[in-house]
Engineer: 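After the structure tokens below, expect a handful of questions from me.
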Amino acid sequence: MTPMEIIVELGQALLLIIISPLMYGIVSKFKALMQRRVGSSIFQPYRDLRKLFSRNEVTSRDCSWLFRGIPYVCMASMIILALVVPFFFTGVLAPFGDLITVVYIFTLYRFSMVLGGLEGGSTFGGMGSSREMMMSVLIEPALLLSIATIAVMSGAGTDMDSISEAIVKMGVAALSPALVLAAASFLITLLAENARIPFDNPTTHLELTMVHEAMILEYSGRGLAMMELSSMMRLTIFMAMMGSLFLPWGIAYDLEPASLLLSLAISLVKMLFMAFVLALAESILCKTRLFKTPNLLTVSFMLSLLAMISLYIL
Amino acid sequence: MFVITAPDGSVPMGPDEQTMIVAYLSILLIPAIVGIFLGLLRNERFGKVSVGLCMTSCIAGILCTPMYLYTEGFSAKFPLESFIGEYIIFIDLITSIFVSISSVVFLMVVLHMSHSGHGYSNGYLALTCALFLSCVLCMMADSVILLLVSWEVVSLVTFLMADNNDLPRWRFFMITHIGGLVIMAVFGYLWVFTGTGDMGNWHQLSALMDDNVSSLLILALFLGFGTKLGTIPFHAWMPEMYATSPTHTTALLTTVCSNVAVLILFKSVFSWIGISNLISVFAVILCILSVATALWGAMESMVQTGPKRILAYSSMENMALVTMCLSLAMLFFDSFPALTSLVTVAALFHTMNHSVFKSLMMLTVDSIEDVTGERTIDRLGGIACVLPGLSAVALIGAMSLTAIPPMNGFVSEWLMLQALIGTDTVSSSMRVFMPLLIAMMGVCGMVVATSYARLYGFIFLGRPRSKGASDPRPLRKGSLAPLMVLALLCITMGLLSFPIMDGLSSGISDITLIDTEYRIALSGNLEPLTLGILLGGCILLLFLMTRIFRTSRNIDETWGCGGTLDERMQYSSEGFSQPIVRVFHPIYGDTTEKRGNRYVTRFMEPFVKYIYRPIGAGIVTLSYQVRRLQTGNIQSYLGYILITLMVALLAVRWL
């Protein structure tokens with residue numbers, strides 16, 4: 001690994017972390033524009049985070065040491081993921097894990113958040129945790145299957161740094177039903193994992209709709225800031241995975257400055273486009289009833305299953 | 001004393017080495033034997049000595065792997081002989097690794113037992129020594145007689161150690177003995193077939209046999225050992241037995257005995273019998289059975305409220321993943337050597353991991369029961385505030401079981417997924433099933449995660465839900481140390497998993513035909529050590545950063561919408577699993593009924609209801625019918641004798 005490579009890879013990880021509140025802001029801005037509101041500035045999430053970071057923390061007297069540790073674990077797991085997910089360059093800084101590890105680090109994140117929800121002894125936390133687990137039982141297999149599909153399809157195995165390159169080099173042949181189905185499934189997974197409409201509404205605190213917000217209800221100040229930031233990072237990482245693994249065209253796989261710059265621009269456009277799609281989906285769909293979400297999640301599961309099977313049959 | 005020989009084809013041993021091996025075997029076996037006899041005496045002091053002797057044997061057991069590395073394997077003949085054969089043991093790498101890991105677990109359980117304050121009787125301690133002895137001998141056994149005798153002793157001793165319940169342990173007795181009979185029949189057949197009970201002479205017997213026969217033998221072995229591992233429908237004894245026996249019995253049963261079963265199954269299928277061409281049909285059946293077991297175990301573990309029942313069903317799930325791997329290995333055996341190697345390593349590694357983290361969880365549950373006196377998770381809560389040390393080690397166990405990186409459970413599940421996604425699998429004829437298996441792994445993984453988040457959350461987090469939980473007794477002195485060792489083992493076995501797996505892989509190639517490097521079949525790379533260090537470093541860095549820019553923290557009540565919350569307003573464990581139960585309602589077949597002012601959800605065990613109950617009822621009906629023959633009238637008995645004689649004579653005449 002050359003120093004140049006390391007710098008680029010570290011740079012893309014840092015960029016991913018830094019733009020994550022921005023992506024959140026952009027999605028809200030798009031949503032506001034679609035609803036003909038002015039909306040808050042796209043930099044609002046940064047201000048919110050800064051405010052939260054400087055606030056004093058209030059924790060419940062029924063919380064244990066684990067409650068205070070969970071925000072650190074959540075942040076750390078997302079930072080690790082930012083290091084292994086390619087964004088605008090196919091190489092990643094830390095080749096210690098592969099796609100399967102990525103899925104299991106998401107499990108780490110989810111598991112700690114669910115435990116955090118059970119802390120404090122409030123009704124909301126337990127409710128959020130319980131609902132989160134219900135959804136993730138259906139999300140997890142879909143996620144595993146869709147990434148298995150691209151791993152097998154690209155023929156590059158599960159290594160993070162070779163899949164996108166392999167798919168780009170396949171050319172038009174990569175546009176197979178398998179990839180399209182897997183990408184569709186991944187999109188639904190993205191919505192569900194990140195607590196977006198129609199699965200959850202991140203902007204309300206209504207107990208009927210709460211999943212993600214219910215789990216982090218007891219956090220405040222710095223803990224809340226870390227939980228919020230890590231959930232923003234999760235959204236951005238999912239979007240980056242969508243852009244670099246499922247629609248990898250345009251990603252740079254050599255270290256030419258020109259191609260890197262081009263790739264950076266293309267990747268950012270992809271992110272903007274996905275933010276637009278997300279905002280569009282949130283504007284035209286509404287939050288479904290909790291016990292209807294399994295239907296949608298099963299669709300995602302079926303799509304990914306079909307993707308993998310079509311890969312073997314076609 | 002012992003007659004020591006080197007394995008075939010290696011240099012004969014010098015006298016020094018022989019003396020050393022004899023000394024080693026004496027330290028391994030004799031203290032446990034003495035412990036059995038001391039335990040039979042009533043004096044309490046002898047009980048303590050017996051525990052000490054058992055620990056000595058366990059420590060010798062841990063040294064089995066160094067011993068193998070020093071001697072490169074040996075076989076020893078006992079100074080005993082019976083009219084049906086000799087008692088021989090053989091140490092190869094796999095066996096020695098399994099003996100070592102089982103001994104570590106055994107030692108920790110015994111340590112915890114001696115500090116637990118249960119006041120076990122001397123008889124129980126003698127049985128513990130007997131269990132250790134029989135497990136170790138069964139793993140090392142190289143002659144049919146030793147294998148069958150020690151296997152039987154394992155079943156009997158665990159039966160006797162479950163001493164405070166009746167129906168569940170008889171159910172266990174019946175089911176494992178049916179399994180034991182099947183195993184006995186298989187080994188008996190092989191003995192007659194080869195004409196020798198010395199298994200050192202059994203190498204890949206399937207080459208000499210009819211394909212049908214060898215495949216049937218393997219199927220029978222899987223089902224026979226399945227009774228111990230809880231393959232459906234033989235799991236019926238597990239939840240009740242686990243829930244009602246002393247926790248240390250359960251801890252040994254679920255970890256060490258499963259290790260023994262998997263090791264013997266592995267050795268007999270891949271080394272002694274060998275894989276025939278016809279096996280794929282059977283392998284598919286076994287694979288489907290394992291998948292069903294895994295799903296059923298995971299799902300059921302999520303709705304139980306007794307911690308030991310949760311652990312029982314999750315044992316089923318873990319062991320089903322292991323048998324699934326073994327059946328995949330049979331499936332891939334012919335055409336994909338690297339993949340076969342990969343799945344067998346995954347199976348054996350997962351078994352080892354399971355014994356470590358499951359014993360950790362079992363001992364945690366025992367400590368919790370001890371300090372709070374509560375047996376359901378609905379009456380616990382908030383223990384993490386009072387016993388932070390215990391909650392930390394339990395968290396490590398729960399994370400291992402949930403396969404969270406970088407713990408050991410994660411690495412073995414990663415290997416399994418690698419095998420399913422792997423590049424070789426793509427060209428196999430069974431590839432269409434692979435997506436289904438991946439989906440199964442995903443569903444199982446998340447359901448198990450739910451189950452353990454629930455177990456951990458309701459025991460350690462939240463508010464105490466009962467008096468016992470709000471004011472627990474202090475932990476007994478020294479009872480945390482074994483848990484810490486096991487937790488540390490969970491982490492180190494995760495971080496250093498590749499060296500361990502390399503060892504397993506070379507051990508496998510020593511005794512079977514699977515001799516390809518397993519790493520060839522890996523399509524991605526994993527460095528658990530780097531991952532662990534990075535994750536830990538990141539957490540530490542973030543923590544230090546927040547220490548530097550400090551803000552103050554206030555403690556206040558949990559937000560309760562303006563009112564005050566009491567502990568009954570928390571989510572109940574039943575409520576926690578309710579959404580999943582509702583989604584998978586057709587599988588659970590749960591019914592909710594109103595009883596007084598509360599609703600009660602009931603889950604049925606379809607296997608008990610539709611298989612065991614009808615069989616039991618049938619036998620009872622049949623015996624009522626038979627009873628009608630017993631009139632107590634001497635004339636009718638004479639009549640029966642006459643009829644029997646006539647039939648027998650006629651039969652002899654005609655045949």
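Values below: every heavy atom of this structure, side chains too, minus hydrogens, waters and symmetry copies. Each chain gets a letter, A, B and so on, in the order its sequence line appears, and its residues count up from 1.
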Engineer: A:Phe124 vs B:Trp559 aromatic rings, parallel, tilted or perpendicular, using cut-offs 30° and 60°?
Structural biologist: parallel
Engineer: At a heavy-atom distance under 4.5 Å, which candidate from A:Thr149, A:Leu115, A:Leu217 has the highest pair count against chain B?
Structural biologist: A:Leu115
Engineer: Using the ring centroid of each side chain, check whether B:Tyr588 and B:Phe584 are separated by less than 6.0 Å.
Structural biologist: no
Engineer: Keeping B:Thr402 on the side-chain end and B:Ala449 on the backbone end, is there a donor-acceptor pair under 3.5 Å?
Structural biologist: no
Engineer: If only atom types and distance count, is the side chain of B:Arg454 paired as donor or acceptor with the main-chain N or O of B:Ser573 below 3.5 Å?
Structural biologist: yes
Engineer: Which residue out of A:Met133, A:Met226, A:Met75, A:Arg110 racks up the most heavy-atom pairs below 4.5 Å with chain B?
Structural biologist: A:Met133
Engineer: Between B:Pro405, B:Ala398, B:Gly457, which shows the greatest number of heavy-atom pairs under 4.5 Å with chain A?
Structural biologist: B:Pro405
Engineer: Heavy-atom cut-off 4.5 Å, strictly under: side chain, backbone, both or neither for A:Ala148 against chain B?
Structural biologist: both
Engineer: Of the backbone (N, CA, C, O) and the side chain (C-beta and beyond), which part of B:Leu395 lies under 4.5 Å from a heavy atom of chain A, both, or neither?
Structural biologist: side chain
Engineer: Measuring centre to centre across the rings, with the benzene-like ring taken for any Trp, is A:Phe67 within less than 6.0 Å of A:Tyr219?
Structural biologist: yes
Engineer: Answer with side chain, backbone, both or neither: which region of A:Phe291 has an atom nearer than 4.5 Å to a non-hydrogen atom of chain B?
Structural biologist: side chain
Engineer: For chain B, which candidate among A:Ile139, A:Val137, A:Leu144, A:Val84 shows the most heavy-atom pairs at distances under 4.5 Å?
Structural biologist: A:Val137
Engineer: Please name the residue in the list A:Val85, A:Ile150, A:Leu81 that meets the side-chain contact (heavy atoms from CB on, under 4.5 Å) test with A:Met241.
Structural biologist: A:Val85
Engineer: Heavy atoms only, distances under 4.5 angstrom: which of B:Ala392, B:Pro388, B:Pro435 has the most pairs with chain A? Name it, please.
Structural biologist: B:Pro435
Engineer: Considering only heavy atoms, which portion of A:Ser54 lies under 4.5 Å from any heavy atom of chain B: side chain, backbone, both, or neither?
Structural biologist: backbone
Engineer: Heavy atoms only, distances under 4.5 angstrom: which of B:Gly381, B:Ser391, B:Gly575 has the most pairs with chain A? Name it, please.
Structural biologist: B:Ser391
Engineer: So, A:Asp200 side chain and A:His212 main chain: donor-acceptor pair closer than 3.5 Å or not?
Structural biologist: yes
Engineer: If I measure from the heavy atoms of chain A, does B:Phe410 come under 4.5 Å with its side chain, its backbone, both, or neither?
Structural biologist: side chain
Engineer: Can a side-chain donor-acceptor contact be found between B:Asn353 and B:Ser412 if the only test is distance below 3.5 angstrom?
Structural biologist: yes
Engineer: By a 4.5 Å heavy-atom criterion (distance strictly below it), what part of A:Arg68 contacts chain B: side chain, backbone, both, or neither?
Structural biologist: side chain
Engineer: Just give me the residue among B:Met440, B:Glu413, B:Glu567, B:Arg463 that pairs up with chain A most often, heavy atom to heavy atom, under 4.5 Å.
Structural biologist: B:Arg463
Engineer: Passes side-chain contact (heavy atoms from CB on, under 4.5 Å), A:Leu138 versus B:Val583? Steps please.
Structural biologist: CA-CA 10 Å; A:Leu138 296 166; B:Val583 173; 4.3 Å; yes
Engineer: Between B:Ser451 and B:Ser301, is there a side-chain donor-acceptor contact under 3.5 Å, judged purely by atom types and distance?
Structural biologist: yes
Engineer: Is the NZ or CZ atom of A:Arg234 both under 6.0 Å from the centre of the six-membered ring of A:Tyr109 and within 45° of that ring's axis?
Structural biologist: no
Engineer: Report which part of B:Leu535 has an atom under 4.5 Å of a heavy atom belonging to chain A: side chain, backbone, both, or neither.
Structural biologist: both
Engineer: Of the listed residues (A:Ser77, A:Ser136, A:Ser304, A:Gly223), which shares the most heavy-atom pairs with chain B below a 4.5 Å separation?
Structural biologist: A:Ser136
Engineer: Between A:Thr101 and A:Asp98, is any side-chain donor less than 3.5 angstrom from a side-chain acceptor?
Structural biologist: yes
Engineer: Give, as side chain, backbone, both or neither, the part of A:Val58 having an atom under 4.5 angstrom from any heavy atom of chain B.
Structural biologist: both
Engineer: Sort out for me which of B:Met569, B:Met446, B:Gln578 touches chain A most, counting heavy-atom pairs under 4.5 Å.
Structural biologist: B:Met446
Engineer: If you tally heavy-atom pairs under 4.5 Å against chain B, which of A:Arg222, A:Glu119, A:Glu218 wins?
Structural biologist: A:Arg222
Engineer: Pick one of side chain, backbone, both or neither for B:Ser572, based on which atoms fall under 4.5 Å of a heavy atom in chain A.
Structural biologist: neither
Engineer: Identify which part of A:Ile79 has an atom lying under 4.5 Å from any heavy atom of chain B, answering side chain, backbone, both or neither.
Structural biologist: side chain
Engineer: Among the options B:Asp566, B:Asn554, B:Ile383, pick out the one with the most heavy-atom pairs lying under 4.5 Å from chain A.
Structural biologist: B:Asn554
Engineer: Let me see the working for B:Tyr571 and B:Phe576 under ring-ring contact (aromatic ring centres under 6.0 Å, His included), right down to the final yes or no.
Structural biologist: CA-CA 6 Å; B:Tyr571 240 48; B:Phe576 186 78; 7.2 Å; no
Engineer: Using non-hydrogen atoms only, which part of B:Val447 is less than 4.5 Å away from chain A: side chain, backbone, both, or neither?
Structural biologist: both
